[in-house]
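Heads up, the thing below is written out as structure tokens.
Residue numbering restarts at 1 for every chain, and letters A, B, ... go by the order of the sequence lines.
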Amino acid sequence: MAIDKISTLSSKLRWGELEEDDGEDLDFLLPPRQVIGPDENGIKKVIEYKFNDDGDKVKITTTTRIRKLAKARLSKRAVERRSWAKFGDAVHEDVGSRLTMVSTEEILLERPRAPGTKAEETKAAGDSMAQLAKGGAVLMVCRTCGKKGDHWTSRCPYKDLAPQPEGFIDKPPTSEGPGAASGAGKNTYVPPGLRAGAERTGTDMRRRNDENSVRVTNLSEDTREPDLLELFRTFGAVSRVYVAVDQKTGLSRGFGFVNFVNKEDAERAINKLNGYGYDNLILRVEWATPRSN
DNA sequence: AATGAGCGG
């Protein structure tokens, strides 16, 4: 740092007086501060003017080296990166001017999917959009027969006729049939027991067996599901018991259903328990008609 | 007298 005396204040303006006056600041009398550089060597000069304690006007030159110091801390690679051309949002920035940018670029993530299914998906989405435009909701498209707005896959009237989905990748799906139309089963894992050629037992385990459903009416008001189970399980495996309960009052509505795994057991239960006295009432036990939607 | 809830894409 260099300090050069430039001039001495006039006798009129004594430093001591100035300080004691209302702290008046005479810096406005001084030339403005100047900053030169830093140059290519990282040399930066700051020139400022001040009054010293004796009231002399002095020029203070401060010389610092920035770049050199900074460079010493940077790795070679980091220094090299500074010369890289800017790209993206920083393309209009000067080389070396800014090291980081906040990216506003949109990144779309792709869902990994087997190739070839994309077009179908897009098309299906398009169909849905078209339906929405017409004002209809697009819930309920049967995956078995492809019919829209009529039934869920689990209630498809053709579910027993439809070809079962083929096995895993080693067996390509058939190109015709309603199953293929909906794209169901394609590249989808199918458990061995359900693959084509697997042994089929008489009962289809994927379906809830509403077939062996028994309706029980004239139950006393305090009969609950555990009671029904106790009463009916003596005839065979029971898959479900249900007692209709009023949603508001929580009171039993006096009837319920019992589902049997085996039809014969259901039949025997009906024969034995219909007309049977339970609590203080005579039970009615008969086949239940399949429930509506 | 009386025929269930809820689950989806």
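Remark: P of B:dC7 and CE of A:Met140 are 16 Å apart, rounded to the nearest angstrom. The nearest whole Å value for the distance from the CZ atom in A:Phe257 to the P atom in B:dA2 is 13 Å. To the nearest angstrom, C1' of B:dT3 lies 12 Å from CZ of A:Arg284. The distance between atom CZ of A:Phe255 and atom P of B:dA2, rounded to the nearest whole Å, is 10 Å. One atom, CD of A:Glu286, and another, P of B:dG4, lie 14 Å apart when rounded to the nearest Å. If you take NZ of A:Lys148 and C1' of B:dG8, they are 18 Å apart, rounded to a whole angstrom. Atom NE2 in A:His151 sits roughly 23 Å away from atom P in B:dG6 (whole-Å rounding). When the P atom of B:dT3 is taken as reference, atom CZ of A:Arg240 falls 15 Å away, rounded to whole Å.
Distance from the side chain of A:Ser213 is smallest to B:dG4 among B:dG8, B:dG4, B:dT3. Nearest to the side chain of A:Tyr242, among B:dT3, B:dG4, B:dA2, sits B:dG4. Distance from the side chain of A:Ser154 is smallest for B:dG8 among the nucleotides B:dG8, B:dA2, B:dG4. With B:dA2, B:dT3, B:dG4 as the candidates, the nucleotide lying closest to the side chain of A:Arg215 is B:dT3.
A:Asn218 contributes no side-chain N or O that forms a donor-acceptor pair with the base of B:dA1 under 3.5 Å.
The environment of A:Arg268 atom CZ is dense: over 12 non-hydrogen atoms of other residues, nucleotides or ligands sit within 6.0 angstrom.
A:Phe255 belongs to a hydrophobic cluster with A:Tyr242, A:Phe257, counting contacts under 4.5 Å between side-chain heavy atoms of Ile, Leu, Val, Met, Phe, Trp and Tyr, direct or through other members.
The pair A:Arg82-A:Glu80 fails the salt-bridge criterion, with no side-chain N (NZ, NE, NH1 or NH2) lying under 4.0 Å from an Asp/Glu carboxylate O. A:Asp227 and A:Arg224 are not joined by a salt bridge, as no carboxylate oxygen comes within less than 4.0 angstrom of a charged side-chain nitrogen.
Classification of B:dG4 as syn follows from a glycosidic angle within 90° of 0.
Nearest-nucleotide positions on DNA chain B for A:Thr217 and A:Gln247 put A:Thr217 closer to the 5' end.
Listed by chain and number, the residues in a side chain to side chain donor-acceptor pair (under 3.5 Å) with A:Ser220 are A:Asp222, A:Thr223, A:Asp279 (sequence neighbours excluded).
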